[in-house]
There are 2 protein chains.
Amino acid sequence: MADVARRAGTSTAVVSYVMNDGPRAVAAATRERVLAAAAELGYRPNRIARALRSRTTGVVGLILADSPNPYFGDLARHVERALDERDRLVLIGNAGYSAERQRRLVDRFLAAQVDALVIVSADGGEDVTPQAEAAGVPIVYVHHGPDGGRAPLVEADNQHAAQEAVEHLRGHGHARIAFLSGTHDGGPVGRRRAAWQALAGDDPDALLLRCAYTRADADVLIRRLADDDAVPRALITATDEQAIGILSGAWASGIAVPDELALISLDGTPESAHTAPALTVTRQPLRAMAEHAVELVFDPAFHAPAARAPLVVRRSCGC
Amino acid sequence: MADVARRAGTSTAVVSYVMNDGPRAVAAATRERVLAAAAELGYRPNRIARALRSRTTGVVGLILADSPNPYFGDLARHVERALDERDRLVLIGNAGYSAERQRRLVDRFLAAQVDALVIVSADGGEDVTPQAEAAGVPIVYVHHGPDGGRAPLVEADNQHAAQEAVEHLRGHGHARIAFLSGTHDGGPVGRRRAAWQALAGDDPDALLLRCAYTRADADVLIRRLADDDAVPRALITATDEQAIGILSGAWASGIAVPDELALISLDGTPESAHTAPALTVTRQPLRAMAEHAVELVFDPAFHAPAARAPLVVRRSCGC
DNA sequence: CTGAAAGCGCTTACAG
DNA sequence: CTGAAAGCGCTTACAG
């Protein structure tokens with residue numbers, strides 16, 4: 001920077017003003033000389049020095065509850081894109097469903113002086129808002145936040161999604177519609193389950209199934225139901241992971257989807273379009289959620305309603 | 001840091017030595033006082049200042065050819081874990097199959113002073129080694145690197161993987177085995193295809209299929225083959241994405257896998273275990289590849305042979 | 001509109 | 001074994 005200033009016959013202050021377009025004006029002629037000198041010397045500002053001095057790094061930390069899960073992966077991708085468009089770099093971390101690992105990542109990201117934190121939390125994660133606030137770093141949860149968390153949470157209209165799925169299956173003539181939830185369904189899945197429950201009729205408990213949000217567990221579950229001759233005629237799964245496991249277990253058990261088992265999933269990740277058969281889903285508005293979260297983290301006053309998850313009709317429902 | 005030094009009755013130099021366990025020794029008693037003072041004050045070293053001074057940030061840049069693709073996502077996850085174990089933070093970027101975006105990401109990561117660059121490149125990406133070398137930053141390619149790239153490339157033993165798949169299908173009695181490659185198959189897929197070709201018999205061209213590495217394209221391809229009554233009896237797909245698209249298109253066309261179409265995929269991502277039917281695969285050693293790459297980026301002299309992709313027998317082959 | 005200079009929070013030669 | 005001090009490359013109040 002000193003070299004550039006010297007070559008342009010000015011001071012480092014002025015070089016800074018032209019490189020950053022401010023905070024003070026620079027005469028057009030001086031500006032030209034600085035730009036020319038910078039180009040000739042191949043000068044690139046050192047972000048680290050800038051960060052130390054200005055206390056802003058241009059880096060945002062993104063923490064995922066479970067990065068192998070394509071739903072989170074897809075959400076992460078949209079957050080990355082939104083951040084990239086705002087010229088922010090993203091530091092990524094996978095909490096692997098561990099509150100301890102999540103806290104550790106927050107600590108490390110804070111030490112790295114991130115400008116903001118975007119967290120896709122999981123059931124049971126603790127609220128890290130106090131840590132972030134102590135460091136003066138804004139934070140926002142996406143899809144799922146801790147119970148009683150103080151930071152804002154961006155999620156889709158999960159109630160509406162579940163209602164759409166129930167109605168569509170009713171339209172196919174199904175009166176009894178089962179629901180596959182998580183083992184401990186707090187947060188967004190809990191809201192999906194509650195919305196289904198309100199429409200499920202007399203004895204929802206008899207129709208409520210539970211398993212972890214993994215293909216393997218759903219696969220095992222449906223095989224066991226097949227063995228017991230207890231496969232429901234219509235099923236809504238809380239997540240795509242579960243729906244995909246159901247499909248694979250049903251195939252292995254000789255249960256035909258959708259003829260013997262009509263299925264709708266409530267995530268609608270890209271995977272759901274190319275299963276056998278293709279899944280009918282309510283598609284979570286991941287892009288809108290990511291945009292909303294990024295907007296919010298830079299402008300706490302920003303407000304937008306929860307985006308809806310449109311019904312995408314494919315084959316697994318019987319259409 | 002000055003506060004800690006004052007409280008411990010010593011200098012900032014000594015505080016630095018104890019926080020970093022070096023480079024100089026500190027008397028045990030002094031060390032204790034510093035640690036106590038740091039704990040009482042809740043002192044956390046500022047990584048940015050440390051980076052400015054020591055010219056090492058503890059951050060590694062990871063660039064992915066296409067982050068929505070689960071194969072790359074899975075590879076990324078292993079790289080992240082390996083880096084996390086070495087106490088490195090990871091800056092992530094998605095090139096989206098664009099050489100231009102890849103170059104831009106490298107520029108930004110270099111400006112952010114990353115200590116190293118790990119790149120999962122795509123067909124046709126240009127070599128960014130000169131950029132990295134100019135900045136004195138080590139770089140390693142994983143899975144796929146540019147043609148004639150100067151940096152090291154870590155990949156699996158792709159030739160062996162394709163051979164295993166051919167042999168297994170032969171064992172099922174298939175003499176004519178088709179191969180689904182990419183549209184322009186350089187790099188690892190090219191090596192898989194070449195290994196198959198060497199074993200394919202008289203007229204490999206008649207058995208060579210091509211489409212992009214996406215579910216959608218493979219889905220369309222198999223439907224068209226079904227319409228033309230030209231579905232092969234046995235098929236090896238270069239990637240899981242393609243295999244999954246084949247499965248979904250075959251289902252839609254009423255072609256039974258494995259009875260009418262035996263299938264083996266050469267990626268073996270976690271997804272492949274829960275398709276309908278479950279895919280027989282050669283499982284790419286992603287974890288070993290990630291470890292190897294991370295090892296290599298910190299120690300250019302490190303050497304290990306290409307890891308093999310074991311055959312994982314499930315249902316799609318006919319077993 | 002511009003310059004000289006302080007200071008961000010560290011690390012590390014230098015001197016003792 | 002320890003301390004005083006320079007300096008990493010910037011930004012920005014201060015003074016003109």
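Quick note on labels: first sequence line is chain A, next is B, and so on, each numbered from 1. Only this structure's heavy atoms are used, side chains among them; waters, hydrogens and symmetry mates stay out.
- With sequence neighbours left out, B/Glu133 forms a side-chain hydrogen bond (donor to acceptor under 3.5 Å, both in side chains) with B/Arg150.
- When base pairs are accepted only as Watson-Crick or G-U wobble with both N-N or N-O distances under 3.5 Å, DNA chain D takes part in stems of 3 or more pairs at C:1-3 with D:14-16, C:5-12 with D:5-12, C:14-16 with D:1-3.
- Among the protein residues, B/Ala13 comes within range of the nucleic acid bases, having at least one heavy atom under 4.0 Å from a base atom.
- Residues passing the ring-ring contact (aromatic ring centres under 6.0 Å, His included) test with A/Phe298: none are found, sequence neighbours excluded.
- Nearest-nucleotide assignment on DNA chain C puts the 5′-proximal partner with A/Ala27, out of A/Ala27 and A/Ala49.
- For A/Pro68, the side-chain contact (heavy atoms from CB on, under 4.5 Å) criterion is met by A/Asp66, A/Asn94, B/Arg77, not counting sequence neighbours.
- Residue pairs meeting the side-chain hydrogen bond (donor to acceptor under 3.5 Å, both in side chains) criterion with at least one partner in residues 27-39 of chain B, sequence neighbours excluded, are B/Asp21-B/Arg31.
- Going from atom CD of B/Glu80 over to atom CG of B/Leu75 covers 10.5 Å, rounded to the nearest 0.5 Å.
- Take A/Asp299 and apply the side-chain contact (heavy atoms from CB on, under 4.5 Å) test, not counting sequence neighbours, and it matches A/Ala301, A/Phe302.
- Applying the side-chain hydrogen bond (donor to acceptor under 3.5 Å, both in side chains) test to B/Gln113 and every residue at least two apart in sequence or in another chain returns A/Asn46.
- Listed by chain and residue number, nothing satisfies the side-chain hydrogen bond (donor to acceptor under 3.5 Å, both in side chains) test with B/Arg53 (two or more places apart in sequence, or in another chain).
- First and last contacts of DNA chain D with chain A, using any nucleotide atom under 4.0 Å from a protein heavy atom and ordered 5' to 3', fall at D/dG9 to D/dC14.
- Across the interface with DNA chain C, nearest-nucleotide mapping of B/Ser16 and A/Thr30 shows A/Thr30 to be the residue nearer the 5′ end.
- Of the C1' atoms belonging to C/dT12 and C/dG16, the separation is 16 Å, rounded to the nearest Å.
- With sequence neighbours left out, A/His143 forms a ring-ring contact (aromatic ring centres under 6.0 Å, His included) with A/Tyr71, A/Phe72.
- Contacts of residues 36-47 of chain A with DNA chain D (heavy atom under 4.0 Å): A/Tyr43, A/Arg44, A/Pro45, A/Asn46.
- Residue A/Ala2 is the one, among A/Arg24 and A/Ala2, whose nearest nucleotide of DNA chain D lies closer to the 5' end (criterion: closest heavy atom).
- Not counting sequence neighbours, B/Thr12 has no partner by the side-chain hydrogen bond (donor to acceptor under 3.5 Å, both in side chains) test.
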